Protein chains: 2
Amino acid sequence: MDLRHLRYFVAVAEEENIGRAAARLHISQPPLTRQIQQLEEELGVTLFIRTPRGMELTQAGELFLAEARNIRALVEQATERTQRAGQGKLGRLDVGIFGSAILDAIPKLLLSFRNRYPDVKVVLHTMTKAEQLEALRQRRITVGFNRMLSPLDDIGVRQVSTEGLLVAVQADHPLAHQPVVRFAELAEHPMILFPTGARPSFIDKVIGWATESGFQPHISQEVGDAVTGVALVASGFGVCLVPDSATTLQFPGVVYRTLTDTPPNFFVDLSCIYRKDDQSPLLAAFMETVDAFRAGERKR
Amino acid sequence: MDLRHLRYFVAVAEEENIGRAAARLHISQPPLTRQIQQLEEELGVTLFIRTPRGMELTQAGELFLAEARNIRALVEQATERTQRAGQGKLGRLDVGIFGSAILDAIPKLLLSFRNRYPDVKVVLHTMTKAEQLEALRQRRITVGFNRMLSPLDDIGVRQVSTEGLLVAVQADHPLAHQPVVRFAELAEHPMILFPTGARPSFIDKVIGWATESGFQPHISQEVGDAVTGVALVASGFGVCLVPDSATTLQFPGVVYRTLTDTPPNFFVDLSCIYRKDDQSPLLAAFMETVDAFRAGERKR
DNA sequence: CCTGCTCAATACCTCCAAGGTATGATCCTT
DNA sequence: AAGGATCATACCTTGGAGGTATTGAGCAGG
């Protein structure tokens, strides 16, 4: 049996007349007669009663008509859904993120992606940079977000956004009384750095900037992410360099100050990584959204 | 697209290897390669990633696999159900019956039919003989049950059972004190006859027997069916000749007595009628059950 | 009662495309 | 470097889907 048989059968059942059905199907009458005969023979069931006025469904034919219509509708739906999936408009996208990325870029980006592809289910997984790489290779995620990424043999990188840096200080800290803080002033104060884990990371960047500005930072504590860092600032552990977006964290007892006299390249970038050999249309669709987002960010 | 494409696609998806899939499908590898290419082209979607180790499903392919399996299962189910329907094992059978037929033969017969064809829904319609004929011709019923039927041009008859007759009398009636009653004794007592409506009917048969036994019955009342007749017996309207099976009706104040010295052919038969041009397998199946039932009845 | 009409079925032909064989083209393994 | 997988391509063969012409069977109208 064939989908053609179903199509022909439904036409004949609806027209109750082989000639008219053949016309509707744009074929001639005899082949249609034969196809119906074949179908009946294959099923071993008489589907039509031949009357002088045309074809009339038997009970079994009536039942088969319902089934045939259903199957044809499902085939239709299957192709349509598969095509949508093939265009990246339907499916599931697993995304690896790190703790504080959630603060700024990611929500906006995901919002924009959701608008374009409402039928794609996005699942977020919080994981470190190393975990992201492993998960990417094992295909547990399709993209990962992180900072300080460099391309690898099998992993591509796309920059998402660039952020300036602020310093988070306790509200009653001496630096909090100044409108702005010179970068070099930070030499005087214990610093909280993040993230722990795989180096090189943001920590090394901060140390590099300090060196360029002629001081060795006094590290009071290393923490996992910006959120924890700011929490420790509130508790008086020291000051903490954080990306712009961290200001979303309105911690009681913590204020943010802009920095002046900063070293060159005083910013951090957020990038996303993906498998270079991933041809998935979902990834392509997501990357397109990332590029659009980045273009929008740059303009601002 | 074709069911063949689905079958091939599922095989390749499951084997993750065109060669093995081709072997499983008993075709050679190149045609299978082409069929898969065709399918992908028709959908406009890449379903597989070709790796050096074989074929790997894309996300869209994964989705299509689920759909394809579903469709194939439905086709399977549709053919199977249609075949069952074609053999009369599935469907709906509308049956016309008359009031008191429900007492004996019909329930047993329907029970036996239900056992053989559990997926056939039997719908009972109570109607008179004339209504049954009309309903048969309009295809509102497939078979009808009645007594005293004779074949017509377009209507066939099949006998179902034969029953003897008893007389129903009030418990304190003089005849109730005898173990058996001679048929001629009924001449003395008012009789309740049934059914009203189309003649010839059971009424004429009773009058014929009376005539043969040399008396004119004294008709006290004509009623619609045996049940009503027995009810009137309880109320003292007279005696009533009923088929054996009516003894199922244990009416308070009514007893049944067997008859002796009965005229020849002192029995009634129950038959069923059907459209002669009805080729429905359901009817054939039912008739087969009727014949089997009748064979069982005869043996007893 | 025959004739013409309207169906579906049959006979026979044509040709496309599904399937087969032989052979690349790659990539991985040894 | 060689051999073995694996999928893709080239080319041939043939079954069957579709076409035309015709037959056969009911039914209606003159």
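Quick caveat, the model's predicted, so the values are computed rather than measured. Chain identifiers are assigned alphabetically (A, B, ...) following the order of the sequence lines, protein sequences preceding nucleic acid strands; residue numbering begins at 1 within each chain.
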>> Pair Glu14(B), Arg69(B) - check salt bridge (charged side-chain N to carboxylate O under 4.0 Å, His left out), show working.
In response: CA-CA 11 Å; Glu14(B) 283 175 358; Arg69(B) 280 184 172 138; 3.0 Å; yes
> Tell me: CG of Leu32(A) to P of dA17(D), nearest whole Å?
Replying inline: 13 Å
> Would a distance-only check, ignoring hydrogens and angles, find a side-chain to backbone donor-acceptor pair under 3.5 Å from Thr126(A) to Phe98(A)?
Replying inline: no
> Atom CD of Gln35(B) to atom C1' of dA8(D): distance rounded to whole Å?
Replying inline: 15 Å
>> Applying a 4.0 Å non-hydrogen cut-off, can you work out what His26(A) is touching in the nucleic acid: base, sugar-phosphate, or nothing?
In response: sugar-phosphate
>> Please report the distance, rounded to the nearest Å, between CD1 in Ile27(B) and C1' in dT14(D).
In response: 16 Å
>> Can you measure Arg4(B) atom CZ to dA17(D) atom C1' for me and round it to whole angstrom units?
In response: 12 Å
>> What is the distance, to the nearest angstrom, from the CZ atom on Arg24(B) to the P atom on dG19(C)?
In response: 16 Å
>> Just N and O in the side chain of Gln38(B): are any of them under 4.0 Å from OP1 or OP2 of dA17(C)?
In response: no
> Rounded to the nearest Å, what distance is computed from the CG atom of residue Asp2(A) to the C1' atom of nucleotide dC16(C)?
Replying inline: 15 Å
>> Need one value for Tyr8(A): base, sugar-phosphate or nothing, where a base atom within 4.0 Å counts as base even if backbone is also close, heavy atoms only.
In response: sugar-phosphate
> Which of the following nucleotides, dG19(D), dT21(C), dG26(D), is nearest to the side chain of Pro52(A)?
Replying inline: dG26(D)
> Among Lys276(B), Arg137(B), Arg275(B), which residue meets the salt bridge (charged side-chain N to carboxylate O under 4.0 Å, His left out) test with Asp154(B)?
Replying inline: Arg137(B)
> Do Glu41(A) and Gln37(A) pass the side chain to side chain donor-acceptor pair (under 3.5 Å) test, and can you show the C-alpha distance, the side-chain angles, and the key distance before you say yes or no?
Replying inline: CA-CA 6 Å; Glu41(A) 191 176 350; Gln37(A) 286 172 338; over 6 Å; no
All N/O pairs under 3.5 Å across the protein-nucleotides 8-12 of chain C interface:
from	atom 1	to	atom 2	distance (Å)
dA8(C)	OP1	Ile18(A)	N	2.6
dA8(C)	OP2	Ile18(A)	N	3.2
dA8(C)	OP2	Gly19(A)	N	3.1
dA9(C)	OP1	Arg50(A)	NE	2.7
dA9(C)	N7	Gln29(A)	NE2	2.7
dA9(C)	N6	Gln29(A)	OE1	3.0
dT10(C)	OP2	Gln37(A)	NE2	3.1

>> Tell me the interatomic distance from Glu15(A), atom CD, to dT6(C), atom P, rounded to whole angstroms.
In response: 17 Å
>> Using a strict threshold of under 4.0 Å (side-chain N to carboxylate O), is an ion pair present between Arg84(A) and Glu67(B)?
In response: no
>> Using whole Å, what does the distance between atom P of nucleotide dG16(D) and atom CD of Glu41(A) come to?
In response: 12 Å
> Does Arg50(A) pair with Glu40(A) as a salt bridge, N-O distance under 4.0 Å?
Replying inline: yes
>> Whether the side chain of Gln35(B) engages the backbone of His5(B) through a donor-acceptor N/O pair (distance < 3.5 Å, no angle test) should be reported.
In response: no
